[in-house]
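Letters go in sequence order (proteins before strands), and every chain restarts at 1. Hydrogens, waters and symmetry mates are skipped; everything else that's a heavy atom, side chains included, is used.
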Amino acid sequence: MKNYNPEKIEKKWQRYWEKKKLFQTKKTFDKPKYYILDMFPYPSGAGLHVGHPKGYIATDVIARMKQMQGFNVLHPMGWDAFGLPAENYAIKNKVHPRVATEKNIKIFKKQLGLLGFTYDWSREINTTDPEYYKWTQWMFLQMFKKGLAYESYAPINWCPSCQTGLANEDLEDGKCERCGSAVEQKPMRQWVLKITDYAERLLNDLDKLKNWPEAIKEMQKNWIGRSEGATVRFVIASEAKQSYNNYNGNSGIASSSPSGIPRNDILEVFTTRPDTLFGATYVVVAPEHSLIENCLPAYLRYVNIPTVCKPVGRKIENFADIAAYVEKAKHKTVLERSELQKDKTGVEIKGIKAINPVNGEELPIFVADYVIGGYGAGAVMAVPAHDDRDMEFAKKYGLPIKTVVEPITGQKKDNEEFRRSIVALVRDPKNNKLLSLNWGEKFGGNLFIGGGLKDGEDAVKCAQREIEEETGYKNVKLIAESEKIHHHYFAASKNVNREIEAVGLFFELSDEKNGGQNLTDKEKDKFKLEWITEKEADEKVKDPLHHYLFEKFVKNSAYTGDGLSVNSTFLDGLSTKEAKEKIIKWLEDKKYGERKINYKLRDWVFSRQRYWGEPIPLIFCPACKKSMENFLPQDISRKETISNGERLNPGWMAIPEDKLPIKLPNVKSYVPTGTGESPLAGIQKWVNVKCPKCGGPAKRETNTMPQWAGSCWYYLAYIMKKISNFPAYRQAGNFPISNYSKAFDWWLPVDFYVGGAEHATRHLIYARFWHKFLYDIGVVNKEEPFEKLQSVGLILAEDGRKMSKRWGNVINPDDVVKEFGADAMRVYEMFMGPFSQPCAWNTNGLVGTKRFLEKVWFLFDRVVKSKTKQKNDGIASSSPWANPRNDKITSVLHQTIKKVTEDIEAMRFNTAIAKMMELANELSKQETISIEHYSLFIKILSPFAPHFCEEIWSLLGHKKSVIFEKWPEYDAKSAMENEIILVVQVNGKVRDSLIAPAEISEEEAKKQALASEKIQKWLEGKEPKKIIYVKGKLVSIVV
RNA sequence: GCCGAAGUGGCGGAAUUGGUAGACGCGCACGACUCAAAAUCGUGUUCCUUCGGGAGUGAGGGUUCGAUUCCCUCCUUCGGCACCA
């Protein structure tokens, strides 16, 4: 055998595959289909590093195996080529982004070509191709027509460096994901997609995705962030009691204006704890709240929202303060507002009050930026006693704190004994230490002073008595008393379950007289008196009741858990769950609110003020808008409004389908204008058009779509690409999309999708959203696009950091291929470690896989044509129980076939390769190897090292590619070993191992184990108490 | 703070209905070949050891004849989310 020369072999076979068009997906419905998809790359100027192809190698291995198993495989590749980097490059170097992108694609394609992938390049797609984005635009228009796209003026994330608006998903720690600049909130005209209409389905259908990693599903769940609660409406008492009275008497009052903006004489809040409504002591609105927009003239300069409501502004007394605060909040970056500024700030809106519908109390209204404008109603009822944030704010501004929930600690148990008791905390004001009794580990460690209430005894008296009895201190001053706490626990000292109703009392020590005295010896034995610091108390006082009181008195924490309602009239005594139900019913009856589900997921800000993206195919006509407004019925129902894009966005109209695509025009400068308009706005000739409805002057939308748009549906594009070649559709043109239905039905869903976990909350949510929409309008007939998903673990650089130009630690696949060959690289990347885990690159590791391939290569020299002269493995043939059919090699080979087949299916490539290495090691011990064995080995190795195996396959005398071979079937009988190693344990420790026939009986195994000399020695003549036998594995003797 | 994943030799990692811990690979050591080196091949390689054994899978405890695997408590690392009412 000549030497293994990867460079020569790989070029040869790549050329052969291309010439024979081996990997073009066949147009046949005869075979079962298998659609395996990679996340297509963004062709950056940096080219590929060795980390990128990891996922592609994996899908290629699977694609090759599936093809050999008789599937019609679709394994395509394309380019997600719109996006900021190409545009920034264009600005810097004055090159059209298309030119730069095309150059990059060429480089990427060449690099991928080196690795011998089975991509069907005849289906290559590119999101920047007008023939492609024609459909992206078409799909956007369908959403527009269904009222799922709307124009919004709300403040959005604005990146000052990229000069564009960003979606929530594009932020990383409050910074722009692209450039790292701190993101600001800026009111801006934007197109927004109503992904929130699909929130419930996106969440619920996650349960149907059985073959998705739990971690990804969990991330999506958190991102969607469903929370159940209620809307509560507070009347604003701005016009004395009049509006409250009106409201009270008028049950049918609308809470929203036709445009969906809350009426500003009613303040709507969202809460997940409606049961605490009686505990509300103030109300907070976000700086972005419409209440403020409408009362602050300065704000109106930015925002032009039609308002049908009479402003309450004239009732507000402190315009200037509020305006200053709102202005300041607006300029805070997202980062400042959340992470750095945990410290809460706010301003009271003086002159108006919110009336608590449940008891008529007048509550002050604050504007504070700890309330987020875009979530819920943009306003909250503050219940400081039962919410951490409200508590913090209330403490800072001296607002009342009203307890309406009595805590329940511990778990309710059976046969509980009921007692009333007290827990007393005593603080020494001189050093802030707390008095505690250490009862020892057995009886709960450190506790505060506790005791049972005697009949008719007052809690304070009781506490003072207990303090004196147990510690000797007489002079203590009460500073605080808690609500009742219901505590369930097991009293170890008495051996009973108890429910106690406890009251906590907080004292300060007045003087230190008599401390530690008057204690009987018996008491001294039970516990030790200790003064502990607050920090020690936090750590050492573990009892839930005592720790709760510590949190309450010392840390002033809110109780946010469930419990029993108190101070809440008709809710008193109900559990949190019951109280929620009852109050919601009450609110609904009185029309003060209703049950409501909210999502953290925001609508998707879908426009970018940049050049290199799909133009949004809409036209705006001012005349049409005016005429629409004239005819707009005053009381149009919300439902009708939202189901129609043109009604929802007056003056905007969709470009007719036959005019698509709206091509991206050439511009002189790609530099963003920064005014909130894209560079396209400067091209008068392109912008100004005739209105297709009235013929008057109209303008095109100049914003473009975000980078994520093209990737929302690209898995469909691969199917559409060659559709005209399907016999049934040969005559059909591109439109309408129903021409593709049959092909979609055939190929969808994608059977297997492989890509980075970083897309869990963006691309994978967006794509699911689009797919569900396409399902709703009948384009596809499956509700989910991706049947099975697997995330790729990152390949880190040798220094353990991410591979990046910045660190200078990038490894280029071209160099690796040149030095070790593509096959060695493919095998190495699959062998490094578990596929989904991150793993550091180690060039030394490649030496091992190259050696492995060379070992297999030279095994060729030992291949013999006839299998009759096979020499059996020594042990096996000499053994009296030998099964003559099974030599050792046959059984190892079949075990390998089994393992490789199962491991590829389960993405455990590393162990599949390890097993093949074992097989190679086993084979190299043989003088001769049968051609049957060797051929089977080559077949199962071929998905990993395709060029290598093609070469050997042809050297074995085959004329056709190994890809046409049938995937080897595992034969259970052949895989059986003749002999097993029987381990013998004495008292759980391994003391001997015996070679025994595979089909040895239990009796015989035990007999042989006991007969062993070594075992006899360990038994020391004692009789075994018990002998455990595990079939085919071990005998365990207990003495 | 909340949610999720993971901690095993010098290194990447293997082993799950609880049954020989360290497969496979790298590295290292020794040997063969060589004038020599590289490459290649062979042998060894968890630690301690008085060579009988003993200890050992992040730490501590529990269940079991037997625990990397199951249960409890805790620690560390990584990933995601984060004032979401």
> From the list B:C24, B:C81, B:A85, which nucleotide is the closest neighbour of the side chain of A:Trp223?
Replying inline: B:C81
For [N] and [M], measure between their [atom1] atoms and round to the nearest Å.
| N | M | atom1 | answer |
| --- | --- | --- | --- |
| B:A29 | B:G9 | C1' | 16 Å |
| B:C30 | B:A23 | C1' | 24 Å |
| B:U8 | B:A59 | P | 10 Å |
| B:U57 | B:G79 | P | 27 Å |
| B:G80 | B:U64 | P | 43 Å |
| B:G60 | B:G25 | P | 33 Å |
| B:G56 | B:C48 | C1' | 10 Å |
| B:A55 | B:A21 | C1' | 13 Å |

Do [X] side-chain atoms and [Y] backbone N/O form a donor-acceptor pair below 3.5 Å?
| X | Y | result |
| --- | --- | --- |
| A:Tyr592 | A:Asn356 | no |
| A:Asn809 | A:Lys802 | yes |
| A:His386 | A:Thr403 | no |
| A:Asp170 | A:Ala167 | yes |
| A:Thr281 | A:Pro400 | yes |
| A:Arg991 | A:Lys1014 | no |
| A:Lys402 | A:Ala280 | no |

> Which residues in residues 845-854 of chain A have at least one heavy atom lying under 4.0 Å from any atom of RNA chain B?
Replying inline: A:Gly848, A:Arg851
> Once each nucleotide of nucleotides 2-22 of chain B is scored for protein heavy atoms under 4.0 Å, what B/S/- sequence comes out, 5' to 3'?
Replying inline: -SS-------BSS----BB--
> Does A:Ser227 or A:Asn844 map to a spot on RNA chain B nearer the 5' end, using the closest nucleotide for each?
Replying inline: A:Asn844
> Between A:Leu601 and A:Glu918, who's closer to the 5' end of RNA chain B by nearest nucleotide?
Replying inline: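 The 5'-side residue here is A:Glu918.
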Going by purine N1 to pyrimidine N3 plus the second Watson-Crick contact, or the G-U wobble pair, all under 3.5 Å, which nucleotide sits opposite [N]?
| N | result |
| --- | --- |
| B:A67 | none |
| B:G1 | B:C81 |
| B:U40 | B:A32 |
| B:C51 | none |
| B:U16 | none |
| B:G27 | B:U45 |

> Just checking, A:Lys344 and A:Tyr370: is the charged tip under 6.0 Å from the six-membered ring centre and within 45° of the axis?
Replying inline: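 Yes.
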Between [X] and [Y], is any side-chain donor less than 3.5 angstrom from a side-chain acceptor?
| X | Y | result |
| --- | --- | --- |
| A:Asn157 | A:Asn168 | yes |
| A:Asn921 | A:Lys855 | yes |
| A:Ser227 | A:Tyr375 | yes |
| A:Asp603 | A:Thr196 | yes |
| A:Ser1036 | A:Tyr1029 | no |

> Do the side-chain N or O atoms of A:Thr761 get closer than 4.0 angstrom to the phosphate oxygens (OP1, OP2) of B:G80?
Replying inline: no
> For B:A85, does OP1 or OP2 lie under 4.0 Å from any side-chain N or O of A:Tyr370?
Replying inline: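 So the side-chain polar atoms of A:Tyr370 never come under 4.0 Å of the phosphate oxygens OP1 or OP2 of B:A85.
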Give me the distances for all protein-to-nucleotides 43-54 of chain B N/O pairs that come in under 3.5 Å?
{"from": "B:G54", "atom 1": "OP2", "to": "A:Arg991", "atom 2": "NH1", "distance (Å)": "3.3"}

Could you state the atom-to-atom distance from [atom1] of [X] to [atom2] of [N] in whole Å?
| X | N | atom1 | atom2 | answer |
| --- | --- | --- | --- | --- |
| A:Lys596 | B:A85 | NZ | C1' | 14 Å |
| A:Arg801 | B:C78 | CZ | P | 15 Å |
| A:Glu798 | B:C26 | CD | C1' | 12 Å |
| A:Glu392 | B:C83 | CD | C1' | 9 Å |
| A:Leu919 | B:G25 | CG | C1' | 16 Å |
| A:Asp992 | B:G66 | CG | P | 20 Å |
| A:Met825 | B:G25 | CE | C1' | 18 Å |
| A:Asn921 | B:C41 | CG | P | 10 Å |

>> So for atom NZ, which belongs to A:Lys850, do other residues, nucleotides or ligands contribute more than 12 heavy atoms lying within a distance under 6.0 Å?
In response: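 Yes - once you tally the heavy atoms of other residues, nucleotides and ligands closer than 6.0 Å, there are more than 12.
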> Mind telling me whether B:G52 is syn or anti, cutoff 90° either side of 0?
Replying inline: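 The base of B:G52 is oriented syn (glycosidic angle within 90° of 0).
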>> Would B:G13 be called syn or anti here, given the cut-off of 90° from 0?
In response: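 You should classify B:G13 as anti.
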